[in-house]
Amino acid sequence: MPTKNNQILSVSQLNREAKYLLESSFPLIWVEGEISNLAQPGSGHIYFSLKDEKAQVRCAMFRNRNMRIKFKPHNGQKVMIQARVSLFEGRGEFQLIAEQMQEAGLGDLHKKFEQLKRNLESEGLFSLDRKKAIPEYPESIGIITSPTGAAIRDILSVLKRRYPLAKVLIYPTLVQGETAAAEICKAIVKADTDKKSDLLIITRGGGSIEDLWSFNEEIVARKVFTCQTPIVSGVGHEIDFTICDFVADLRAPTPSAAAELVTPDINELAYKIDKLELKARQIIGTGLKSLQSKLHLVAQKLEQQKPSNKIENNKRHIEHIRQKLEHIISFKISNYRQSIALAEEKVKNNSPQIKIANLQTKINTLQSRLNITVKNNIEFKQQKIESLARNLNAVSPLQTISRGYSVLESKDKHVITSISQVNTGDVITAKVSDGELECRVTKILDQT
């Protein structure tokens, strides 16, 4: 229990006293270390941590001081700062207030990063020739990341929006810490062994070089290199580069960008499919019109080659010949009659009876010869017409059937012309003039 002589301090008073004690006990000092967790808000102030292998300390450098820096600070950079030791009263945090900053060479992690990068590049792990192609339309996508991080949420959101058709398989792992690299390797091996994914995305959100260091480990780089499944690396932000990025088959600047790079936009796919469908319909329509036109021409040719049409055409031709003959005969008869009339007129004009008798005899003879000639011509033409008609009827399949003949067909509708085409017991069809008969072969007689 406090006594009357003991002063009771509030938290604010305690922090204020501690701040005064620190600031009064330490003069301006120089401290060397590696920058990490660098933040540069819009206020113009700089906040960062200064660290070595065993410890770190929070630092702040206000705008009126950092304007004199002649280089651009970045994570992993080794610097020296002149600072005042202080304490941030609001949170009771020990901190340094930087007055000056000078470069002290690259940080150890950055040196280690560059050395490993050079070694692996010389071995060919970054070679473009060995990078595998990323499937254009993946059916399943494996994601190697922390199941609780922002990266997985961003990727799932993009995949749902762009390409919900893909199946998503998550291979959970730590993405930060001492054991993270080993777990990432195990996840890569499992995903590659499962053979369930068309491609893998290895990812995490942004952070300092220390936060991302698991993806700079050599064991991770070599597992990515030997993985048979195509790997896309989407680690950190756009400005962040890891060894994993260089070894992977494709590097994405962010987790969301990784999801976009490996998937098509389903809306664009739908548009392309609609265009292809329209084009296919046009091609099919054009093809159908062409085929219909060809079919129409073939049908016309078949119609012209029908026996009934040929017979009809021949009948019209015969009728034309008959009419022409009748016209010729009528014309000749008319001429003969005119000749007779002239002769009669001459006879009348030359009235001697002998001439009349002779002329009458001559006329009778000519008349008789004319009648015979005309009759013979008519009979000859009629015989020719009848011969043409008989020839037409002789070649008509219907005429042949009507005379008592029949056409035999096998079950597959082939005309039977030889006994070699049937066997005893076969069912055949006999076509007659007024229908068809179904018959069974009971016996085969060879006439040879």
Side-chain angles (χ1 to χ4, degrees), residues 273 276-334 369-448:
I273 290 171
L276 290 174
E277 181 182 4
L278 178 60
K279 187 175 181 180
R281 288 181 182 275
Q282 292 173 344
I283 293 173
I284 292 171
T286 302
L288 285 176
K289 287 182 180 179
S290 176
L291 291 174
Q292 287 173 347
S293 177
K294 291 179 180 179
L295 181 62
H296 181 67
L297 291 174
V298 171
Q300 285 182 331
K301 290 182 179 179
L302 288 175
E303 186 68 24
Q304 293 171 356
Q305 299 299 322
K306 285 175 63 176
S308 59
N309 288 342
K310 284 189 173 183
I311 293 172
E312 189 64 31
N313 290 336
N314 288 333
K315 284 182 178 179
R316 285 196 293 268
H317 182 62
I318 292 170
E319 179 63 22
H320 175 70
I321 293 173
R322 188 186 66 77
Q323 291 176 357
K324 189 174 181 180
L325 285 174
E326 287 181 352
H327 176 73
I328 292 171
I329 292 170
S330 298
F331 179 75
K332 286 186 175 184
I333 291 173
S334 177
R369 289 173 64 185
L370 175 63
N371 289 337
I372 292 171
T373 301
V374 171
K375 182 179 179 182
N376 289 338
N377 284 339
I378 292 173
E379 288 178 353
F380 175 75
K381 298 297 182 181
Q382 286 178 341
Q383 289 175 358
K384 189 174 183 179
I385 292 170
E386 290 174 358
S387 176
L388 290 172
R390 283 195 300 274
N391 288 339
L392 288 174
N393 289 332
V395 297
S396 172
L398 299 177
Q399 184 65 25
T400 302
I401 293 176
S402 67
R403 293 199 300 270
Y405 290 94
S406 63
V407 177
L408 300 181
E409 291 183 349
S410 62
K411 292 183 71 176
D412 55 3
K413 300 300 180 181
H414 287 108
V415 175
I416 299 172
T417 60
S418 170
I419 61 174
S420 63
Q421 293 178 254
V422 297
N423 297 311
T424 303
D426 286 355
V427 176
I428 61 176
T429 300
K431 289 189 175 181
V432 296
S433 60
D434 57 350
E436 296 181 355
L437 301 174
E438 189 177 279
C439 308
R440 186 180 298 278
V441 178
T442 60
K443 188 175 182 181
I444 298 175
L445 301 176
D446 191 346
Q447 299 297 323
T448 59

Please report, to 0.1 Å, the donor-acceptor pairs under 3.5 Å made by any side chain of residues 277-288, with sequence neighbours excluded.
unit_1: Glu277; atom_1: OE2; unit_2: Arg281; atom_2: NE; d: 3.4
unit_1: Glu277; atom_1: OE2; unit_2: Arg281; atom_2: NH2; d: 3.1
unit_1: Thr286; atom_1: OG1; unit_2: Gln282; atom_2: O; d: 2.9

**Request:** Classify the side-chain pair Gln323/Glu319 by whether it contains a donor and acceptor separated by less than 3.5 Å.
**Result:** yes
What side-chain donor-acceptor pairs closer than 3.5 Å can you find for residues 411-420, not counting sequence neighbours?
unit_1: Asp412; atom_1: OD1; unit_2: Ser410; atom_2: OG; d: 2.2
unit_1: Asp412; atom_1: OD1; unit_2: His414; atom_2: ND1; d: 3.1
unit_1: Asp412; atom_1: OD2; unit_2: His414; atom_2: ND1; d: 3.0
unit_1: Thr417; atom_1: OG1; unit_2: Gln421; atom_2: OE1; d: 3.0
unit_1: Ser418; atom_1: OG; unit_2: Ser420; atom_2: N; d: 3.2
unit_1: Ser418; atom_1: OG; unit_2: Ser420; atom_2: OG; d: 2.9

**Prompt:** Does Ile372 offer a backbone N or O that forms a donor-acceptor pair with the side chain of Asn376 under 3.5 Å?
**Reply:** yes
**Message:** Which residues pass the side-chain hydrogen bond (donor to acceptor under 3.5 Å, both in side chains) test with Gln383, not counting sequence neighbours?
**Reply:** none
**Prompt:** Say you draw a straight line from CG of Asn377 to CG of Leu325; how long is it, rounded to the nearest 0.5 Å?
**Reply:** 8.5 Å
**Item:** Residues that Arg440 engages under side-chain contact (heavy atoms from CB on, under 4.5 Å), provided they are two or more places apart
**Value:** Val427
**Item:** Side chain Ser293, main chain Lys289, donor-acceptor under 3.5 Å
**Value:** no
**Message:** Show me the pairs that pass salt bridge (charged side-chain N to carboxylate O under 4.0 Å, His left out) and involve residues 373-384, at least two apart or across chains.
**Reply:** none
**Item:** Within 6.0 angstrom of Arg316 CZ, more than 12 heavy atoms from elsewhere
**Value:** yes
**Request:** Kindly compute the distance separating CD1 (Ile321) from CG (Leu388), expressed to the nearest 0.5 Å.
**Result:** 7.0 Å
**Item:** Euclidean distance, Leu437 CG relative to Leu408 CG, rounded to 0.5 Å
**Value:** 10.0 Å
**Complete:** Sequence neighbours excluded, the answer for side-chain contact (heavy atoms from CB on, under 4.5 Å) partners of Lys324 is Ile328
**Asked** Can you tell me how far OG of Ser330 sits from NZ of Lys332, rounded to the nearest 0.5 angstrom?
**Response** 11.5 Å
**Asked** Is the closest side-chain heavy-atom distance between Thr424 and Asp426 below 4.5 Å?
**Response** no
